[in-house]
Amino acid sequence: MRMIWAAVTLGLGATAPAQDTPALGAGNHAVDVAIAPPATPPTFADEFSGRTIDPAHWRFDTSRNRDGWHNNERQYYSPANTPANARVEKGALVIEARRETPRGADAGGQAYTSARIVSARPMGYGFYDIRAKLPCGRGIWPALWMLPPDGKWPDAGEIDILELVGYEPDMVHATLHTGAFNHARARSAAGR
């Protein structure tokens, strides 16, 4: 699986803050028992402690700018070295969406710019420790998700680690998509 970040501010591999004792009998949108982090050191961590986004770890995805992105996204994803949209600031990756006309030769009439970065190598299965500060507002959709490096969606699968849909500001979604269970088929594992 490759990690994909879009329109989100985050830091990977940082220690998670202490949590309150979880309540038992949590609902569908809450956790009833926290997962203990692994005791071994991570195989990959990017603390964004340098001055720029490390191209050895991340690449900028601009592949569908001219044709348009899935889910009717209305932004143009900027290439590397566009600090207005993606930069390292005070030990955090900052991805910023802006209302502006893109200047790229591959622009497709968008009215917004942002950035979309993808891990340079597959991450695989394991424990992911992510701190993210998400913007909130109608029309935005910050997300962090994992896709396999090849295969057709949704048959190859997708793990949405987090998505904040702008019209639901108090809910962060985490979703698994498969060929059998996905929104395109109007089927979920819970509501077969």
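What you see is a predicted model, and the numbers here were worked out from it, not measured in a lab. No hydrogens, no waters, no symmetry mates; every other heavy atom, side chains included, goes into these values.
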- How about Y76 and D106: does a side-chain donor come under 3.5 Å of a side-chain acceptor? yes
- For the atom pair OG (S78) and CZ (R98), what is the distance rounded to the nearest 0.5 Å? 9.5 Å
- Message: Between F60 and T82, is the side-chain contact (heavy atoms from CB on, under 4.5 Å) condition met? List the steps.
- Response: CA-CA 10 Å; F60 284 75; T82 310; over 6 Å; no
- Query: Nearest heavy-atom pair of E158 and W145: which atoms, and what distance?
  - Reply: OE2-CD1, 3.7 Å
- Item | Heavy-atom neighbours of R74 CZ exceed 12 at 6.0 Å | no
- Okay, side chain of N182, backbone of G179: is any donor-acceptor separation there less than 3.5 Å? yes
- Item | Taking every non-hydrogen atom, the tightest pair across A107 and R66 | O-NH1, 4.0 Å
- Item | Separation between OG1 of T43 and CZ of F127, rounded to the nearest 0.5 Å | 12.5 Å
- Message: If hydrophobic clusters are built from ILVMFWY residues whose side chains come within less than 4.5 Å, do V172 and Y128 share one?
- Response: yes
- Per the side chain to side chain contact (heavy atoms under 4.5 Å, CB included) rule, which among L147, L176, L144 passes with I159? L176
- Please lay out, stage by stage, how I117 and L93 fare under the test side-chain contact (heavy atoms from CB on, under 4.5 Å). CA-CA 11 Å; I117 64 171; L93 168 65; 3.4 Å; yes
- Message: Return the OG to CZ distance between S114 and R99, rounded to the nearest 0.5 Å.
- Response: 14.5 Å
Could you go through residues 162-169 and list every donor-acceptor pair under 3.5 Å that involves a side-chain atom there, pairing it with any protein atom two or more places apart or in another chain?
residue	atom	partner	partner atom	Å
E163	OE2	W141	NE1	3.1
E168	OE1	H173	NE2	2.7

- Message: Are W69 and Y112 connected into the same hydrophobic cluster when the rule is that any two of I, L, V, M, F, W, Y join if their side-chain heavy atoms are below 4.5 Å apart?
- Response: no
- Query: For the residue pair R121 and S119, what are the closest heavy atoms and their distance?
  - Reply: O-OG, 3.0 Å
- Message: Quick check: closest heavy atoms across A86 and A115, and the distance to 0.1 Å?
- Response: CB-CB, 3.6 Å
- Are side-chain heavy atoms of N65 and R116 found at a separation under 4.5 Å? no
Which pairs would a plain distance check flag for residues 48-56, meaning a side-chain donor or acceptor within less than 3.5 Å of a matching protein atom at least two apart in sequence or in another chain?
residue	atom	partner	partner atom	Å
D54	OD1	A56	N	2.8
D54	OD2	H57	NE2	3.4

- Note: Y77 and D61 closest approach over all heavy atoms is CB-O, 3.5 Å
- Query: Taking atom CZ of R87 and atom CD1 of I95, what is their separation to the nearest 0.5 Å?
  - Reply: 10.5 Å
- In this structure, CH2 of W153 is separated from NE2 of H70 (nearest 0.5 Å) by 9.5 Å
